[in-house]
Amino acid sequence: MKVFVLGGDGFCGWPCAVNLADQGHDVLIVDNLSRRKIDIDLEVESLTPITTIGERLRAWQQIGGRPMRFELLDIAHEYQRLLDLLLAERPDAVVHFAEQRAAPYSMKSSATKRYTVDNNVNGTHNLLAAIVESSVDLHVVHLGTMGVYGYGSHRGATIPEGYLKVEVPQPDGSRFEEEILHPASPGSVYHMTKTLDQLLFLYYNKNDQVRITDLHQGIVWGTNTEATDRDPRLTNRFDYDGDYGTVLNRFLMQAAIGYPLTVHGTGGQTRAFIHIRDSVRCVQLALENPPTRGERVKIFNQMTESHQVGELAQKVAGLTGALINHLPNPRNEAVENDLIVDNRCFIELGLKPTTLDDGLLAEVVDVARRWADRCDRSRIPCVSAWTKTQAAAIKTA
């Protein structure tokens, strides 16, 4: 297939693009390189040294990979260029990663809140509008988040894959059954934009029969895939800072440099996780199994296991000997929550989950130790607070 990978220079986008090219697809990466610009704004770099997008593409071709192309384009603000690109290339599918992906960054200030909404919602809507205007019958695969369901108590209920069966009582006492989108309960401005994406997909699928698969992904851990490991110039980014670092990768990096593991609150928060290798495999499976025209939006829960954050810290401490430090929680969230998730769709399509194996955890620690001299310890703490109450608690800790 000819596939556009929007946001193909990012943490999830780059290994996904490489994997698709490795599977023989004709890949065009579309990115405005905003994630690299945010690094400059935050004055922090990936723990692993990453090459420019041009060097990445040259390296991939030099080691024998199917050539990938690159288009510098901001889909949120350059609608006509996006439309022209769709008309000129007529791709079979578009993988949409082109969104600001960090909850803490989205809560950092009014400016980052507004940027996140502007970038994410406009980008998604521009893509859908351009697909309709161009009349290109393509399949959109969107990277969403498990966070659309919220992290409050689900009272032990299993979270279904996107749709919830409900009974609606009538005045005469009768009832009828209906399937609706699972009620949304976003926990940050970032998560809110993903719930808005869901509604945009619902509408354009209903009104214009746009074929869409929405992947509600868990927290990603790990750094490289088999393909990005083939040459150092292909290395994926490893974020460790308080805004962009994902919790398990942060624990593993902290252990590698002898920094106490930063557990916020009690550590009773339960989250869904997926290894970066499984993430790229899931995108591939979604592309290979598109919905038919007229079929409702496909929603997959893209995760492989759930863990309490405190238990993860204990596991990493047991593996590495690291200390654990409990800190005030910058997030406005439940102290503890349950999380039981249905992920049978990807399992039935052939996904063989990568679990929290000690060997893979140690592999990430080794990567972090190798590049420990690139770590700026002052950037490790999470200082982006959800409310003024949380901000005050962080300052007095």
Side-chain angles (χ1 to χ4, degrees), residues 1-8 12-13 16-17 19-32 66-71 73-99 120-144 161-163 179 181 194 196-217 279-300 302 345-346 348-350:
M1 290 183 284
K2 180 184 285 188
V3 183
F4 285 7
V5 180
L6 311 182
C12 291
C16 170
N19 178 65
L20 293 177
D22 202 36
Q23 299 301 313
H25 299 296
D26 179 8
V27 174
L28 172 62
I29 292 173
V30 178
D31 204 303
N32 67 349
R66 182 184 175 116
M68 291 185 282
R69 293 175 293 148
F70 173 70
E71 185 78 23
L73 193 158
D74 181 349
I75 69 166
H77 300 107
E78 295 181 284
Y79 176 80
Q80 190 61 48
R81 287 190 60 209
L82 173 62
L83 175 61
D84 291 345
L85 193 64
L86 287 175
L87 287 167
E89 297 283 347
R90 306 192 72 81
D92 301 294
V94 171
V95 183
H96 179 20
F97 292 103
E99 295 182 282
N120 293 8
V121 180
N122 275 349
T124 296
H125 188 246
N126 278 354
L127 171 62
L128 295 169
I131 290 168
V132 173
E133 186 172 351
S134 68
S135 298
V136 178
D137 180 21
L138 56 81
H139 174 207
V140 176
V141 176
H142 172 255
L143 193 73
E161 302 206 83
Y163 298 98
E179 268 198 330
L181 274 179
K194 296 293 190 175
L196 295 173
D197 284 344
Q198 280 194 126
L199 293 176
L200 289 170
F201 295 144
L202 177 72
Y203 175 76
Y204 276 90
N205 170 261
K206 178 183 69 172
N207 193 67
D208 300 286
Q209 291 78 54
V210 178
R211 296 184 295 124
I212 302 166
T213 301
D214 198 7
L215 308 177
H216 291 177
Q217 179 166 266
S279 177
V280 302
R281 173 68 175 146
C282 285
V283 172
Q284 179 189 334
L285 287 170
L287 283 172
E288 292 170 352
N289 296 274
T292 57
R293 189 165 179 83
E295 185 179 347
R296 73 179 183 180
V297 177
K298 276 189 174 183
I299 301 177
F300 294 162
Q302 187 166 305
C345 285
F346 273 130
E348 290 172 355
L349 289 176

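Just so you know, these numbers use all the heavy atoms, side chains as well, and skip hydrogens, waters and symmetry mates. Treat the numbers as computed from the prediction; the structure is a model and nothing was measured. Positions are given from 1, in the same order as the sequence printed here.
- Around atom NZ of Lys206, no more than 12 heavy atoms belonging to other residues, nucleotides or ligands sit under 6.0 Å away.
- Looking at every heavy atom in both residues, Leu285 comes nearest to Leu349 through CD2-O, 3.5 Å.
- A side-chain donor-acceptor contact under 3.5 Å links Ser134 to the backbone of Ile131.
- Rounding to the nearest 0.5 angstrom, the gap separating the CZ atom in Phe70 from the CG atom in Leu28 is 9.0 Å.
- For the pair Asp84 and Gln80, the minimum side-chain heavy-atom distance is below 4.5 Å.
- Across all non-hydrogen atoms, the minimal contact from Cys16 to Val95 is SG-CG1, 4.4 Å.
- Residues Leu86 and Ala130 approach most closely at CD1-CB, 3.6 Å, considering heavy atoms.
- Pairing each heavy atom of Asn122 with each of Ala76, the nearest pair is CB-O, 3.8 Å.
- Nearest heavy-atom pair across Leu287 and Ala93 is CD2-CB, 3.4 Å.
- Taking CG from Asp214 and CG from Leu143, the interatomic distance works out to 8.5 Å, rounded to the nearest 0.5 Å.
- Inter-residue side-chain proximity for Val30 and Val5 is flagged as unmet; no heavy-atom pair is nearer than 4.5 Å.
- Taking the side chain as every heavy atom from C-beta outward, Val94 and Leu6 approach each other to under 4.5 Å.
- Not one N or O on the side chain of Lys2 forms a donor-acceptor pair closer than 3.5 Å with the backbone of Arg90.
- Under the 3.5 Å distance criterion, the side-chain polar atoms of Asn126 are matched with a main-chain donor or acceptor of Ile75.
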For His139 and Asp92, run side chain to side chain contact (heavy atoms under 4.5 Å, CB included): C-alpha distance rounded to whole Å, both residues' side-chain angles, the deciding distance at 0.1 Å, then the answer. CA-CA 6 Å; His139 174 207; Asp92 301 294; over 6 Å; no
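- Side-chain polar atoms of Gln198 and Tyr203 form no donor-acceptor pair below 3.5 angstrom.
- To the nearest 0.5 angstrom, Leu127 atom CG is 11.0 Å from Leu83 atom CG.
- Contact check for Leu128 versus Val210: side-chain heavy atoms found under the 4.5 Å cut-off.
- Cation-pi check for Arg296 over Tyr163 is met; the charged atom lies under 6.0 angstrom from the ring centroid and within 45 degrees of its normal.
- Between the CD atom in Glu89 and the CG atom in Leu138 there is a gap of 12.5 Å [rounded to 0.5 Å].
- With contacts defined as side-chain heavy-atom distances shorter than 4.5 Å, the pair Ile29/Met68 qualifies.
- Side chain of Arg66 to backbone of Gly24: a donor-acceptor contact under 3.5 angstrom is found.
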Which is it for Asn289 and Thr213 under the side chain to side chain contact (heavy atoms under 4.5 Å, CB included) test, yes or no, and what are the steps along the way? CA-CA 9 Å; Asn289 296 274; Thr213 301; over 6 Å; no
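- For the residue pair Asn205/Gln209, the side-chain donor-acceptor check at 3.5 Å is not satisfied.
- When each of Lys298, Gln302, His142, His96 is tested with Leu215 by the rule side-chain contact (heavy atoms from CB on, under 4.5 Å), just one qualifies, namely Gln302.
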Under the criterion salt bridge (charged side-chain N to carboxylate O under 4.0 Å, His left out), I'd like the reasoning laid out for Glu295 against Arg211: C-alpha separation, chi angles, the key distance, then a yes or no. CA-CA 7 Å; Glu295 185 179 347; Arg211 296 184 295 124; over 6 Å; no
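- In this structure, the side chains of Pro91 and Val3 stay at 4.5 Å or more apart for every pair of heavy atoms.
- A side-chain donor-acceptor contact under 3.5 Å links Asp74 and His77.
- Annotation for Gly162 and Ile299: closest pair CA-CG2, 3.5 Å, computed over non-hydrogen atoms.
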Mind running side chain to side chain contact (heavy atoms under 4.5 Å, CB included) on Leu85 and Phe4 for me, showing each step along the way? CA-CA 10 Å; Leu85 193 64; Phe4 285 7; 3.8 Å; yes
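- The shortest distance between side-chain heavy atoms of Val121 and Leu200 falls below 4.5 Å.
- A heavy-atom distance below 4.5 Å is found between the side chains of Glu99 and Lys194.
- Aromatic ring pairs are classed by plane angle as parallel below 30°, tilted from 30° to 60° and perpendicular above 60°; the pair Phe300 and Phe346 is perpendicular.
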